[in-house]
**Q** 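Below is the structure I would like to discuss, written out as structure tokens.
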Amino acid sequence: MSGRPDAEVTPVAGRVGERAPLVEIRNLAKHFPVRSGLLQRVSGHLRALDGVDLTIDDGQCLGIVGESGSGKSTLARALLRVWPVTRGSIRIRGEDGAVRDWAALSESELRPLRRSASMVFQDPYGSLNPRLTVGDCIGEPLLIAGVPRAEREARCAELIAAVGLMPEHLRRHPHAFSGGQRQRIVIARALALRPRLLVCDEPVSALDVSVQAQVLNLLGELRQRYRLAMLFITHDLKVVRHLCESVAVMYAGRIVEQAPTAELFAAPRHPYTRALIAAAPSPDPTVRSTRQLLAGEVPDPTRPAPGCAFAPRCPRAAAACRAALPPLVEADGRRLRCLDPV
Amino acid sequence: MSRPSLTGWLAWFGGWSTKAAPAPGSDQLSTGQLAWRALARNRVAMAAAWVLGLLYLVALIPEPFATCAANFRDSAAVAAPPQPVRIWDDGPRLPFVRPLVAVRHADTLALVWHEDASRRLTLTLFPRGPEYHLLGAIPCQWRLVGLEGAVWHPLGTDRIGQDVWSRLVHGARVSLTIGLLGVTLSFILGVLLGAVAAWYGGWIDGLISRVTDVLISLPAIPIWMGLSAAVPATWPPLGVYLGITVVLSFMGWTGLARQLRARMLAQKDEDFVTAARLAGASTSRVLLVHLVPGSISHLIVAATLAVPGMILGETALSFLGLGIRPPAVSWGVLLQDAQNLQSLAEMPWLLTPALAVFVVVLAFNLFGDGLRDALDPHHQR
Amino acid sequence: MIAATIARRCLSAIPTLLISSILVFVIIQLPPGDIVTSRIQQMQEAGAQVDPQRIEALRHQFHLDDPLPIRYLRWVGGMLTGNLGSSLQHDRPVTAIIGSAILPTVAISLAAVVISLGLAIPLGVWAALRRGTIVDHALGLFAYAGLALPSFLIALVANYALFTWFGMSPGGLFSPEYREAPWSLGRVWDLLLHLLVPVLILGLAGVAGTMRVMRANLLDELRKPYVTTARAKGVHPVVLVWRYPVRIAITPIIATVGWLLPYLVSGSVIIAVVLSLPTVGPILLEALRAQDMELAGAIVMLLSVLTVVGSLVSDILLILIDPRVARGQTSAR
Ligand SMILES: Nc1ncnc2c1ncn2[C@@H]1O[C@H](COP(=O)(O)OP(=O)(O)OP(=O)(O)O)[C@@H](O)[C@H]1O
Ligand code: SF4
Ligand SMILES: [Mg+2]
């Protein structure tokens, strides 16, 4: 498999002083087969991810927002190659500085590279093996990487302290911890091998509101300390504002708008982004009246229409919008996929 | 069919707690240790476990528990009634039994045995009798309890003077071990096929699942009967025993395979499995550290609950004359004698093997339920 | 959608029958010896000399010299055209031997299903309405014992109890005085009495299991808001429970009775032996003892077909009742 032309190793261009891209995703797609009919044959494909381009720089925090089913988790998992992807490339700069296309690598080729990226999951109750101690959970990546026992224990103690828990917690089992504590443990595990990239898929949405802020602050802190790049997926626009430098908005498996956080919130240009921001609950109850609610159904991802996927719900939709897919246009450091932006 | 959990009802009757709140300090324990604690606190399950332990001890070394050899014919006690232990005869006595005497029946002129109410035979500990070999090797003479110089028939004798209790005790070896051995075979088959189906998916999964579904939807007993008829009558007893075990496991693995497959499929997409893969874990590590242990505890429960079915299968087959064959003894073989209504009416004690089967089946169910409750506290009642 | 699901379910019965037919064919082939070896044995016992050519001719006559797959196909083909082979032991076509036993077999299994439901549903409703009381717990205990007690042991004990206490021999379907009598009310009554015991014993495990499901379903249903609303409106409690909740709780049970069939058919074989009922059970046992494998195989196949068809019917019922199954949101099993 390593003989494939697109799997070649490219040396990094040394643009000193500038942020070099850590991850470059091009035209990434993930389609899930849909089975139906008499013999359960594959009758179609669910396009959970349909041509995504993204760049994450070293140390950058990129937020991904979008409503449920827009393909955010699929993006996270495709990026880390949880399963093979349908098409596209995922070029990631490794520890050795070489850039490889993860999309073209086999599972066994990927294994030694995986340490440069890790993930924090949404459900803190499902992401720790209930049969292992916390120490075993955090130490598993180290164990797999062949770190000797003594060093492993020292690193575990260091990590557990870094996420604000006690060394004696290492001997306990996950069931003894609250959701917030578990998420800290998951973060410790994710950081065990000092990755360059941390993918967070709604890391706090399953937690009590009271502990959400603590975990978010911890993530912010650790990001500074370890100079982590982050792909941060969330529903909560407030969190994005607080944590991310840039935000990409996803709709129906595609990116429809991306801009630096402040600019996006100050001047959303895509009608869907506007609706999303308007629909977000505001801390000020008097603003409620101005909220523009999203009407209409999410399109069926197994039967995509030819044009803009947002057209059925878009107040500005025109015939041209339904004819062909609007391209993702880049201008002024922003990207936008709309024929008639605001 | 859903299986009920008796512990729930017993908890109501006895005010017994089957599940207590975790004790302080329990957060240091693994789920396995917690499960053990929960099990140890479940008195019904523990009682069942003790009963099973005792029964399997008897199955391992039946001879000391018996009062004579399984095929010993006591010509001085044919179709004799049980000799219960008594402690009262004009006042408290050491435990004793009544000797048996034969009287000729006025009409049929047949000899009829009954207890002689005028005499006492005091029971002794470790009486000596004819030599036998413990575990087939260690020569030994004593029995646990019995009579010096006579054979005690605690559960009476059959039509040819064989002691029902001793046959019951000796039959435990076949009847109890066949269940365990059969489930072990089923377990191996089930784990293998279930894991292969879940891990590889595709047509392999399709084929295994299909065969599993078919075997589950077929009536087990007729097929058992058909297969066991193929075990040649000329085989030695051990061969027949193994043959019947294979026949029983042939239908038994399906449930286990199905459960393992379902559990593994459910866990395959768990985040902690993904996390392990993202940490670079190899396939074997994912399987052995993360997938199988999480499924095996459920499988052990399922296996425990499958043992009684196997025991019943052996009993039924031997009862029908298609399983273990005399002179080998098993509970099913003993029950053959209970098939004839006429002799049953004369000798109701021939039904005691049915009671033994019932006790074992119940004990396994209770223990299995306790195990399940302990391992899976969220199990829906 | 629904039609497609039903069609798929029907199609899926074909591989089931295929696999079970292979299984039965293997069962038939497993024991050493066949019809020819036993014929030869008979002839030799009668003192006749059997030369190899005669053996060859006989083997050819019974197609035993064909390869196994061909013989399997011939056997399946025979079954499809109603020819189940012939019995060694009786020297008669299998169909003639089991023909008269099929009706009682099906009747007893069906009656057991009816009894299971007829008892289990009211008992389940009772337990649910008296939840947490002694009635509930007693019924629960009964369900547990019913599932743990093997039906053939119950049959043995019942046999003994009826015989010693009532002097009644529950064997057979008729008392001696009615055995040869023409049909009359008395004979029907006698038949019903004799059917009652085996059917009750057979149905017990089904009662126990179904009762628990009914109780759980009804409890779930009673928690729903519409029940609370109706109660607040002052609907009479009996009407309240029987009008909707019971009906809704019953449907999945009615539809899944087919799943009881493997247990019932299994149980009926051995109970029939204990109680000497004129079903295929005792015929099967006798055939197996005599190594009359064509007959035995035909009966095992017949019983398998019975369960497969029963499950099929009940699955189709389930699909008709609960369209979610057709849409694949919940699996049929
Ligand atoms: N393993 C899978 N098999 C089939 N379809 C899938 C799978 N995973 C996701 N999908 C489908 O892909 C689409 C996108 O799902 P995804 O989980 O990426 O959405 P999301 O944006 O993360 O939503 P949420 O906010 O609810 O987490 C959904 O329609 C989902 O049903
Ligand atoms: S392209 Fe047209 S339909 Fe799509 S968002 Fe823009 S205006 Fe609306
Ligand atoms: Mg998601």
Side-chain angles (χ1 to χ4, degrees), chain B residues 1-6 8-10 12-13 210-211 213-234 250 308-309 311-312 315-317 319-322 335 338-339 341-342 344-345 348 350-351 353-355 357-358 361-362 364-366 369 380-381, chain C residues 15-16 19-20 23-24 27-28 30-32 132 137 140-141 143-145 147-150 152-153 156-157 159-160 163-164 169 171 205-206 208-210 212-213 216 259-267 269-270 273-274 284-285 288-289 291 293 296-297 299-300 303-304 306-308 311 333:
Chain B
M1 272 194 293
S2 78
R3 300 192 67 270
S5 163
L6 183 64
W9 285 285
L10 285 187
W12 184 85
F13 279 115
R210 193 71 237 166
V211 171
D213 286 352
V214 171
L215 288 184
I216 286 182
S217 68
L218 294 181
I221 286 185
I223 289 171
W224 278 342
M225 287 167 72
L227 288 173
S228 62
V231 179
T234 49
F250 177 77
I311 293 181
L312 283 174
T315 315
L317 286 179
F319 171 76
L320 294 176
L322 298 171
L335 280 175
Q339 204 173 355
L341 257 188
Q342 202 59 46
L344 199 55
L350 292 182
L351 261 183
L355 192 68
V357 174
F358 176 58
V361 169
L362 201 62
F364 263 110
N365 278 312
L366 290 176
D369 279 346
Q380 207 188 339
R381 280 262 161 79
Chain C
T16 308
I19 293 178
S20 41
L23 184 61
V24 171
I27 289 179
I28 295 179
L30 268 180
H137 291 283
L141 209 58
Y144 198 86
L147 285 182
L149 265 172
F152 90 96
L153 288 189
L156 270 179
V157 174
N159 216 6
Y160 169 70
F163 185 72
T164 45
S169 167
T210 313
R212 281 195 45 77
V213 178
W259 305 354
L260 288 174
L261 277 176
Y263 301 92
L264 291 179
V265 168
S266 262
V269 167
I270 190 157
V273 172
V274 174
L284 171 63
L285 181 62
L288 286 172
R289 282 196 181 135
Q291 300 261 308
M293 295 316 287
I299 294 178
V300 175
L303 294 175
S304 305
L306 268 185
T307 50
V308 170
S311 318
R333 202 167 276 258

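Lettering follows sequence order; numbering is per chain, from 1.
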**Q** Which residue out of C:V300, C:L285, C:L306, C:V308 racks up the most heavy-atom pairs below 4.5 Å with chain B?
**A** C:L285
**Q** Output, in order, the C-alpha distance, side-chain angles, deciding distance and verdict of side chain to side chain contact (heavy atoms under 4.5 Å, CB included) for C:L156 and B:L351.
**A** CA-CA 8 Å; C:L156 270 179; B:L351 261 183; 4.2 Å; yes
**Q** As an exercise: rank B:L355, B:L344, B:L335 by heavy-atom pairs under 4.5 Å with chain C and give me the winner.
**A** B:L344
**Q** Within the structure provided, determine whether C:T16 and B:D213 are in side-chain contact (heavy-atom separation under 4.5 Å).
**A** no
**Q** Sort C:L153 into side chain, backbone, both or neither according to what part of it lies under 4.5 angstrom from a heavy atom of chain B.
**A** side chain
**Q** For C:Y160, which atoms come within 4.5 Å of any heavy atom of chain B: side chain, backbone, both, or neither?
**A** both
**Q** I need the minimum non-hydrogen distance between B:G226 and C:M293, along with the two atoms involved.
**A** O-CE, 4.3 Å
**Q** Working to the nearest 0.5 Å, report the span between CG of C:L303 and CD1 of B:I221.
**A** 11.0 Å
**Q** Tell me, please, which residues at least two apart from B:P308 pass side chain to side chain contact (heavy atoms under 4.5 Å, CB included).
**A** B:V361, B:F364, B:N365
**Q** Minimum heavy-atom separation for C:S266 to B:A220, with atom names?
**A** OG-N, 2.9 Å
**Q** Given side chain to side chain contact (heavy atoms under 4.5 Å, CB included), test C:L23 with B:L218 step by step and report yes or no.
**A** CA-CA 11 Å; C:L23 184 61; B:L218 294 181; 4.1 Å; yes
**Q** For the residue pair C:I270 and B:M225, establish whether any side-chain heavy-atom pair is separated by less than 4.5 Å.
**A** no
**Q** Tell me, side chain or backbone of B:S228 under 4.5 Å from chain C's heavy atoms, or both, or neither?
**A** neither
**Q** Looking only at heavy atoms, which two atoms of B:F319 and C:V274 are closest? And how far apart?
**A** CE2-CG2, 3.5 Å
**Q** Would you mind checking which part of B:P348 comes under 4.5 Å of any heavy atom in chain C, side chain (CB onward), backbone (N, CA, C, O), both or neither?
**A** both
**Q** Looking only at heavy atoms, which two atoms of B:P219 and C:S304 are closest? And how far apart?
**A** CD-CA, 4.1 Å
**Q** When heavy-atom pairs shorter than 4.5 Å are enumerated against chain B, which of C:G297, C:G267, C:A296, C:S20 gives the highest number?
**A** C:S20
**Q** I'd like to verify something: which residue of B:V231, B:L227, B:V211 has the highest number of heavy-atom pairs under 4.5 Å with chain C?
**A** B:L227
